[in-house]
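When reading the values below, keep in mind they use all heavy atoms of this one structure, side chains included, and skip hydrogens, waters and symmetry mates.
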Number of protein chains: 4
Amino acid sequence: MAGGTEEQIRRAAVHLFATRGFHATGIRQLAEAVGINSSTLYHYMGTKEDLLFAITQDSFRRLIDAADRLSPDLNPQVRLCGLVYLHVWSHATHPEETAVVDNELRSLDGDRLAQAVELRDRYEGLWASVIADGCASGTFAVQDPRIARIALLQMCSGVAGWYSASGKTSLRDLTTTYAQMALSLLSCGRDYRTIERLLDDLDLQPVVAAAWPESAI
Amino acid sequence: MAGGTEEQIRRAAVHLFATRGFHATGIRQLAEAVGINSSTLYHYMGTKEDLLFAITQDSFRRLIDAADRLSPDLNPQVRLCGLVYLHVWSHATHPEETAVVDNELRSLDGDRLAQAVELRDRYEGLWASVIADGCASGTFAVQDPRIARIALLQMCSGVAGWYSASGKTSLRDLTTTYAQMALSLLSCGRDYRTIERLLDDLDLQPVVAAAWPESAI
Amino acid sequence: MAGGTEEQIRRAAVHLFATRGFHATGIRQLAEAVGINSSTLYHYMGTKEDLLFAITQDSFRRLIDAADRLSPDLNPQVRLCGLVYLHVWSHATHPEETAVVDNELRSLDGDRLAQAVELRDRYEGLWASVIADGCASGTFAVQDPRIARIALLQMCSGVAGWYSASGKTSLRDLTTTYAQMALSLLSCGRDYRTIERLLDDLDLQPVVAAAWPESAI
Amino acid sequence: MAGGTEEQIRRAAVHLFATRGFHATGIRQLAEAVGINSSTLYHYMGTKEDLLFAITQDSFRRLIDAADRLSPDLNPQVRLCGLVYLHVWSHATHPEETAVVDNELRSLDGDRLAQAVELRDRYEGLWASVIADGCASGTFAVQDPRIARIALLQMCSGVAGWYSASGKTSLRDLTTTYAQMALSLLSCGRDYRTIERLLDDLDLQPVVAAAWPESAI
DNA sequence: CATGAATGAGTGTTCATTCAT
DNA sequence: AATGAATGAACACTCATTCAT
């Protein structure tokens with residue numbers, strides 16, 4: 001359950017970067033959290049920024065991998081629910097990792113920031129095309145699709161900041177609630193049960209299991 | 001247009017804290033941005049953290065002042081549009097200040113964090129009561145009012161991160177669009193023109209002029 | 001009773017230099033103790049070191065003035081008692097000033113240190129000659145007159161560190177006790193009452209009144 | 001002869017604290033004296049104050065250890081000579097360390113000052129009891145035993161300020177002279193040779209060798 | 001594989017002092 | 001007579017990182 005030293009470092013970094021912030025996290029704190037000397041860290045990583053970069057890349061790639069697994073044949077309503085599900089699920093189950101990605105990209109230098117932004121743009125492009133498709137087919141109706149996309153992503157990402165698995169809201173309820181709000185925002189309101197069934201039918205467990213292999217759900 | 005030194009420091013701090021983050025902002029960078037020696041800073045401020053605290057307190061208070069000016073006699077739909085307007089307007093016109101408030105509270109020490117959180121809770125309480133009223137009266141319909149509130153606030157705060165007054169979206173369009181999305185999310189979809197008129201009638205210019213006196217809009 | 005600003009500064013400096021030390025005393029602390037702005041200090045003084053120098057010079061000169069007033073016609077035993085009286089009396093009634101002189105000379109730069117040391121040497125020379133006279137006349141008997149002088153001065157100076165006028169020992173008892181110990185150390189033990197009478201007859205009140213005019217005793 | 005880096009730091013600190021004072025000694029001066037970078041200091045010590053505290057604790061403990069080795073069976077006259085010997089010997093051979101202890105305690109913060117004062121009180125208690133015993137048995141006769149104790153300690157500590165091993169006074173003469181003066185002060189004058197023999201018989205070399213192991217004398 | 005030692009650059013903050021007003 | 005503004009140097013201390021062992 002402990003994992004290799006490299007994995008422990010990664011985990012400790014995610015935790016510290018998320019709670020204190022990248023710049024407020026010292027290399028010695030990180031080493032102490034892992035239980036090793038700070039010099040030893042450098043056997044397993046490059047610079048502190050390398051570590052941040054690796055974390056963000058992994059996080060983005062997992063999310064993109066999962067989203068890419070959504071069949072393009074599905075209709076926009078279902079695909080949107082799928083995107084919401086994956087985004088909310090990942091932010092609820094990996095709140096620290098996603099918080100780092102959402103808040104600490106600015107600590108990357110030019111090149112790496114560009115790479116990260118590229119991945120983010122690719123991911124947001126998936127949302128953009130679903131929304132565009134839905135608007136084109138008349139399923140969705142919004143004043144400004146771009147603003148709607150930004151609003152939806154922001155709203156879903158917020159989950160990382162407050163959701164607790166030990167609270168009264170189950171992951172299933174959480175994802176369904178967000179999917180329902182998302183559809184409503186797009187003027188495509190649906191009944192809660194309907195969305196529940198829709199997500200059940202979509203059955204994204206294999207997708208998340210593939211993209212986040214460490215979580216046995 | 002320059003303002004007193006104290007004001008310049010405040011502005012530079014807001015800018016740097018927003019773009020680089022509190023911990024990544026050095027006291028010397030701040031001084032350089034103002035064009036003074038780093039030791040001179042300390043004639044105008046206490047510690048760096050005092051500065052952050054003052055920024056957050058002011059920002060919160062302005063937002064709360066404005067929101068408090070919304071008449072409680074208005075119906076929930078109108079009050080919600082008003083809250084959205086004020087929130088989005090302030091985040092669009094003061095994106096750096098609001099970004100600092102939204103991202104850097106954790107850099108405050110215990111006592112001050114508590115004070116800031118208290119203000120935030122008061123503000124969020126205004127949203128909670130509007131949503132509750134709307135749900136009670138049947139105007140709004142959501143699966144979970146608390147989650148809806150969090151989602152709405154998150155989505156509106158996002159504006160600080162992307163909106164540019166020089167882009168193609170006017171402040172008027174921006175606020176109307178967000179109000180429309182908010183109502184839709186609460187299962188209370190309304191026509192764009194309807195909301196436009198609603199906000200015109202509400203006439204919040206005096207409110208924002210009172211709460212943010214420096215901005216002549 | 002407050003005195004002019006200059007006098008207040010002097011007093012505050014003596015107090016702070018004595019309790020915290022010269023280097024640990026900030027110019028702002030000093031100003032605050034006087035109740036003025038730190039810039040205003042510089043209307044009344046030169047540098048911080050000037051202040052220290054002035055304090056030490058005054059203190060030394062008062063002590064030397066007093067000691068010089070002891071008639072050279074008196075016998076060594078009486079003159080020694082007189083020196084002890086003046087030294088102990090000044091250290092008991094001006095403990096902070098004398099503590100500064102005894103502990104902070106090293107904070108003076110070369111020139112001024114030399115001036116201070118010169119005064120100190122002149123003062124110690126008075127003790128040396130009394131002891132030498134007493135040894136020559138057979139009144140005193142010590143293994144090493146120089147060491148005896150150093151020991152006596154050190155022992156008498158210690159009074160500044162512990163004596164409190166509000167304690168159970170009166171100034172009269174204090175000075176008499178030290179005079180007795182000094183004579184004993186010089187192998188010239190005398191009865192307590194004898195020394196008491198000796199000091200009464202010597203009547204040094206006019207001497208201290210002349211050298212320390214501010215103290216009405 | 002150089003010793004480990006830690007030992008060099010300790011020695012340099014003792015030297016600088018003694019000559020310049022704690023507050024007048026910069027961390028960079030200290031590092032320079034050792035020949036290392038100022039940041040490297042922090043591999044070997046905590047804060048500057050930690051260093052001062054360690055120095056004072058060690059010094060006090062050595063002196064107390066030595067004094068505790070004096071048999072309580074000895075008569076007051078001999079025990080007093082022993083205390084004087086150890087005190088003078090330590091101040092003559094470790095003048096800088098003892099000067100730091102005697103002058104810089106005030107630079108310690110509350111807790112540590114209290115700890116240091118406690119040790120000092122324990123040590124002075126040893127002197128107090130010897131003096132009390134001698135007065136009770138009639139060996140000593142003083143007007144005020146407490147004042148006598150203070151005077152004796154002060155006079156003996158002064159040695160740190162002037163004695164030089166390269167001068168004309170040997171350590172043996174120095175200690176004997178002080179012991180003789182101390183006894184005289186207590187109205188228990190003894191011949192110089194007598195005290196010399198007394199100290200020879202007491203043979204404190206093993207005691208100092210045990211308490212100050214680094215000095216091969 | 002792991003660490004102690006080392007460092008230059010940097011941290012936020014305070015220093016004594018000057019000067020225009 | 002008094003001060004607010006200003007500064008360069010210094011303060012104690014921490015930073016991320018390297019490297020020999």
Counting C-beta onward and ignoring hydrogens, is there a side-chain heavy-atom pair between [X] and [Y] closer than 4.5 Å?
X        : Y        : answer
A:His91  : A:Asp102 : yes
B:Leu105 : B:Arg120 : yes
D:Met45  : D:Asp50  : no
C:Leu63  : C:Thr98  : no
B:Lys48  : B:Phe17  : yes
A:Val100 : A:Ser59  : no

Can you tell me the distance, in whole Å, between the [atom1] atom of [X] and the [atom2] atom of [N]?
X        : N      : atom1 : atom2 : result
D:Glu49  : F:dA12 : CD    : P     : 12 Å
B:Tyr44  : E:dT13 : OH    : P     : 18 Å
B:Gln29  : E:dT11 : CD    : P     : 7 Å
C:Lys48  : E:dT18 : NZ    : C1'   : 17 Å
D:Asp109 : F:dA12 : CG    : C1'   : 15 Å
B:Met45  : E:dT14 : CE    : P     : 10 Å
B:Ile27  : F:dA12 : CD1   : C1'   : 17 Å
A:His23  : E:dA9  : NE2   : P     : 19 Å

Report yes or no: is there a donor-acceptor pair, N or O only, under 3.5 Å between the side chain of [X] and the base of [N]?
X       : N      : value
B:Ser39 : F:dG8  : yes
B:Ser38 : E:dG12 : no
B:Arg28 : E:dG12 : yes

So what does A:Thr5 hit on the nucleic acid, given a heavy-atom distance under 4.0 Å: a base, only sugar-phosphate, or nothing? nothing
Walk me through it: do B:Arg10 and B:Glu6 pass the test salt bridge (charged side-chain N to carboxylate O under 4.0 Å, His left out)? CA-CA 6 Å; B:Arg10 172 75 67 99; B:Glu6 199 159 2; over 6 Å; no
Of all the nucleotides listed (F:dA2, E:dT18, E:dA6), which has the minimum atom distance to the side chain of C:Tyr42? E:dT18
Let me have DNA chain E in dot-bracket notation, would you? Count Watson-Crick plus G-U wobble pairs, both distances under 3.5 Å, and use [ ] for pairs crossing earlier ones and | for inter-strand partners. .||||||||||||||||||||
Heavy-atom nearest nucleotide on DNA chain F taken for D:Thr25 and for A:Thr47; more 5' hit belongs to D:Thr25
Return whichever of C:Gly26 or D:Leu41 has its heavy-atom-nearest nucleotide of DNA chain E closer to the 5' end. D:Leu41
On DNA chain E, compare the nucleotides closest to B:His43 and D:His43; which residue's is nearer the 5' end? D:His43
Quick test of your reading of the model: are A:Glu7 and A:Arg11 salt-bridged, counting only N-O distances below 4.0 Å? yes
With a 4.0 Å limit, can you tell me whether B:Asn37 has a side-chain N or O closer than that to the phosphate oxygens OP1/OP2 of F:dG8? yes
Can you see if the side chain of D:Thr40 gets near the phosphate of E:dA5 - specifically, an N or O under 4.0 Å from OP1 or OP2? no
